[in-house]
Protein chains: 2
Amino acid sequence: MQITRKTDYGLRAISELATHPDEAIAIAQISEKHGIPDSFLEKIMQELRQAGLIEATHGRGGGYRLSHPAGKISLIDVVHALEGPVALVVCLDPSLKCKIEDGCTTSNTWAIINEKFEASLAELTLEDILAEEVRI
Amino acid sequence: MQITRKTDYGLRAISELATHPDEAIAIAQISEKHGIPDSFLEKIMQELRQAGLIEATHGRGGGYRLSHPAGKISLIDVVHALEGPVALVVCLDPSLKCKIEDGCTTSNTWAIINEKFEASLAELTLEDILAEEVRI
DNA sequence: TAAATGACGAGTAAATTGGTCTGAATTTAG
DNA sequence: CTAAATTCAGACCAATTTACTCGTCATTTA
């Protein structure tokens, strides 16, 4: 797993939604404002919607809005939606089985790093990001 | 940046060296023990050497050993050597310039995540890993 | 001098990334 | 009812990256 442009774009887009609660925002608006390719953003929004983070309304005047208050959506939700389960290292990917059974000390180490990473993602909500309360 | 198989292999290999201080370990030994492809491991060891983490002796009976005590080599040294600078998100890559100048709130957020990630890598040394003192 | 090692550089197949394109389906305005 | 604006869905694709391999050379020791 890695944080790709897709997630980068996705976070920008969903943050944009967070700044306009109760208003449907169309893809065109977001892509123009943030310089994200139109059709790529379309895909991203679809994935965010399928993950239940945002909801869409069709037709003229339609667009997307958050499914939950900004304080309830954390960075890890976005990452999970767009990147899948966080596995910094291949051997942590739940869909694979590590072949090395005998006390693999390094995988233990990576697991710790992985958990810390997930925790730091879980800590930050969209609300935090917008409020720029974010400090180190 | 992402933690690839290369770094995974690299950490296993250098940990192996750490368990045998003052002894030259050949690639063949490591690759066999850990199931790492021979010629790939060769490349990895070269990069670790070029980064100054390990040193090599040629010829019969030769091999690799740590350049520094295990307690002085941290996970981030290994990651830096094999993956380059840690930039979880493209826009944090020092070799690129972010095109969005005007207060990009999300890049600020990613920077925080990135720093925390680096810190958790810097915290763990090879000694810790081997001692399995590693806890959450 | 032969064998055992590492050093170096080029090359490559497969997977992933970062998209595009086409054609729907749905909603609203007129 | 029709046209425009929007999302939905899937196939497709070029460029890049990953995870290697191969061949040749250099160095050290027996």
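Bear in mind that the values here come from a model prediction, so they are computed numbers and not experimental data.
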Peer 1: Rounded to whole angstroms, how far apart are CG on A:Asp38 and P on D:dT7?
Peer 2: 9 Å
Peer 1: Can you measure A:Ile44 atom CD1 to C:dT17 atom P for me and round it to whole angstrom units?
Peer 2: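 So the CD1-P distance, A:Ile44 to C:dT17, works out to 13 Å.
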Peer 1: Could you tell me whether the phosphate oxygens of D:dA9, OP1 or OP2, come under 4.0 Å of any side-chain nitrogen or oxygen in A:Gln50?
Peer 2: yes
Peer 1: It should be established whether B:Arg49 places a side-chain nitrogen or oxygen under 4.0 Å from OP1 or OP2 of nucleotide C:dA7.
Peer 2: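 Looking at the OP1 and OP2 atoms of C:dA7, one of them is under 4.0 Å from a side-chain N or O of B:Arg49.
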Peer 1: In whole Å, what is the span from the CD atom of B:Glu55 to the P atom of D:dT27?
Peer 2: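 One finds 18 Å between P of D:dT27 and CD of B:Glu55, rounded.
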Peer 1: Any side-chain N or O of B:Thr4 below 4.0 angstrom from OP1/OP2 of D:dA19?
Peer 2: yes
Peer 1: Can you check whether any acceptor in the base of C:dG6 is under 3.5 Å from a donor in the side chain of B:Lys43, or vice versa?
Peer 2: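 No, the side chain and the base share no sub-3.5 Å donor-acceptor pair.
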Peer 1: Roughly how many Å is it from CD1 in B:Ile3 to P in D:dT17, rounded to a whole number?
Peer 2: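 After rounding, the reported distance stands at 18 Å.
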Peer 1: For A:Arg60 and C:dT26, what is the distance between atoms CZ and C1' respectively, to the nearest whole Å?
Peer 2: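 Interatomic distance, CZ of A:Arg60 to C1' of C:dT26: 13 Å.
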Peer 1: With a 4.0 Å cut-off, would you call A:Glu83 and A:Lys6 a salt bridge?
Peer 2: no
Peer 1: Just to confirm, is there a sub-4.0 Å distance from OP1 or OP2 of D:dC20 to any side-chain nitrogen or oxygen of B:Tyr9?
Peer 2: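 Indeed, a polar side-chain atom of B:Tyr9 lies that close.
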Peer 1: Find the distance B:Arg65:CZ to D:dT28:C1' and express it as a whole number of Å.
Peer 2: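 Interatomic distance, CZ of B:Arg65 to C1' of D:dT28: 14 Å.
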Peer 1: Is any N or O donor-acceptor pair between the side chain of B:Glu42 and the base of D:dC20 shorter than 3.5 Å?
Peer 2: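 A donor-acceptor contact between them is absent.
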Peer 1: Has A:Ser39 got a side-chain N or O lying under 4.0 Å from the OP1 or OP2 atom of C:dT20?
Peer 2: yes
Peer 1: Figure out the CD1/C1' separation between A:Ile27 and C:dT20, and round it to whole Å.
Peer 2: 14 Å
